[in-house]
Amino acid sequence: MGKGISRRSFLKSTAATALAAGAYGAGLRPALAAPDLARMDALAQAELVSKGELTALDLVNAAIERIGQVNGQVNAVVTEFYDRAREEAKGTLPQGPFTGVPNLVKDLDNLQGTRATSGSRLFADRISPETDPLIAANQQAGFVMIGKSNTPEFGLLGTTESLFLEPCHNPWNLEHSTGGSSGGAAAAVASGMVPLAHATDGGGSIRIPASCCGVFGLKPSRGRIFTGNRNLPGDIGVQHCVSRSVRDSAALFALTEMQGEGARLAPIGRIEGPAKKRLKIAFSTMNYYGREPDADVKAAIEETAKLCAGLGHEIVPVTNPVEGEPFMEAFLTVWASGPSALVKLAKESGLDPNEVLEPWTVGLAAQYDAKPGDAMEKALAHFAKATAETNAFMEGYDVWLTPVLSSAPPKLGQQGPTVPFDTLYERVVNYVSYTPLHNAAGTPAMSVPLSWNDAGLPIGSQFAAPLGGEKVLFELAYELEQARPWADKYAPVFAG
């Protein structure tokens with residue numbers, strides 16, 4: 001996968017023969033090429049375009065066909081703008097390492113002139129008036145945006161089961177969750193629709209679906225990538241992508257990280273392989289509350305630690321430096337402030353919040369509104385405390401290894417937005433109890449697809465680094481990708 005199919009093997013294929021004979025014409029006719037393309041990463045697909053073996057339109061048409069094959073089962077793509085994408089692919093695209101490669105916009109973000117629902121009935125008819133900065137940067141890198149990916153309402157849950165957009169199904173088992181909130185993005189990559197997809201992370205929303213869907217996902221450091229003025233309170237939201245190959249993620253990172261005078265962190269550039277330096281890796285499986293994950297998750301992360309030790313890295317068992325209860329109370333105070341504003345917006349618009357917002361969203365709003373007036377101030381103060389504790393802890397280590405989640409992907413419905421609020425609240429804070437700290441502290445973290453349980457469900461391993469430490473993470477990810485390759489693992493529901 002890292003190198004893709006060779007030019008010689010491609011040109012010998014039936015698909016290439018059809019291309020040479022002009023069989024595609026200007027229409028949708030890449031059925032024979034689609035299976036090969038589905039198994040190639042974004043850089044390999046772009047290389048075919050740069051060498052003249054395929055056109056950008058060929059890649060776009062092939063992706064559209066792959067979506068047609070499996071999206072009815074998965075529901076990863078919720079808005080299509082295929083004609084627009086085809087016209088763009090026929091034109092002059094920016095020249096870069098991803099020129100002509102199809103991509104998806106997460107439906108929390110904006111592409112001018114397209115539907116932007118945020119997974120909510122409240123914004124069912126909203127059309128984006130402009131394009132968000134990172135989406136524009138993806139286009140400048142040569143990507144062609146072909147649709148919107150599924151997301152929970154306003155990205156508020158760790159599962160993608162919006163009442164408006166309907167549930168996204170995990171390609172590894174359609175009865176199970178894809179995670180959230182970038183669940184549509186991860187499911188689209190895992191099912192072969194696109195090789196890479198735009199994703200965002202405010203509390204684990206890149207890493208959680210990457211873990212659930214068996215793909216790679218890195219959350220950048222706070223301030224690393226410019227996303228405009230749409231940050232959540234506490235500056236917890238970041239954006240990047242989910243992908244099948246480490247090199248795709250690393251290449252896009254290098255193109256979109258802030259550089260020059262506006263950069264808050266020293267740029268790391270394009271990381272292209274593992275490092276020789278051996279790392280000191282902190283290792284823990286207990287969550288913020290001192291609880292162990294499910295047995296299959298614990299076994300998977302322990303096996304990852306053994307893998308790292310076998311590669312020569314030093315593994316040091318540790319305990320979590322942050323006290324769970326007060327931290328999660330602070331985090332969910334910040335998290336609930338958005339729903340509070342949304343309920344007010346609905347009322348100001350003359351709408352019944354219970355008719356246009358999900359019960360989970362309304363419940364979070366009620367919880368926030370019941371707090372004292374200084375709740376946000378205290379929550380942000382606790383963020384500062386947790387950040388200081390995390391930074392002090394990380395000073396002694398290069399990387400920190402933990403689970404991503406407390407369990408393998410749950411069945412759909414277990415954490416859906418209509419589960420009674422108190423029950424859902426308890427389930428959420430236990431399930432998502434490893435990822436939010438890195439949003440509060442701003443530290444980079446990644447989910448690496450190294451494990452599958454006996455039921456065939458993916459289990460990601462989370463590696464975090466000190467602020468600005470993405471270079472170390474990418475180098476380690478390359479090494480793990482080589483040591484335990486996942487490129488040849490395909491979900492049962494896979495295009496082609």
Hey, are [Y] and [X] close enough side-chain-wise for a donor-acceptor pair under 3.5 Å?
X	Y	result
Q112	T131	no
T151	D107	no
D109	Q239	yes
S245	D41	yes
T435	R207	no

Quick one: pull up [atom1] in [X] and [atom2] in [Y] and give me the separation to the nearest 0.5 Å.
X	Y	atom1	atom2	value
S249	H240	OG	NE2	3.0 Å
D398	R278	CG	CZ	10.5 Å
L480	F463	CG	CZ	5.0 Å
F253	K471	CZ	NZ	12.0 Å

Short side-chain to backbone donor-acceptor contact, [X] and [Y], under 3.5 Å:
X	Y	value
R86	V60	no
R222	A440	yes
T99	P94	yes
H169	L174	yes
W172	C213	yes
N71	V74	no
N439	I236	yes
N150	G183	no
N110	S128	no
Y434	Y431	no

For this session: Would you please classify the geometry between the F216 ring and the F474 ring as parallel, tilted or perpendicular, with 30° and 60° separating the classes?
Result: tilted
Can a salt bridge be assigned to the pair [X] and [Y] using a cut-off of 4.0 Å between side-chain N and carboxylate O?
X	Y	result
D235	R264	yes
E87	R84	no
E257	R224	yes

For this session: Taking atom CD of E302 as the centre, report whether more than 12 heavy atoms of other residues, nucleotides or ligands fall under 6.0 Å from it.
Result: yes
Problem set entry | H313 side chain reached by E479 side chain, heavy atoms, under 4.5 Å | yes
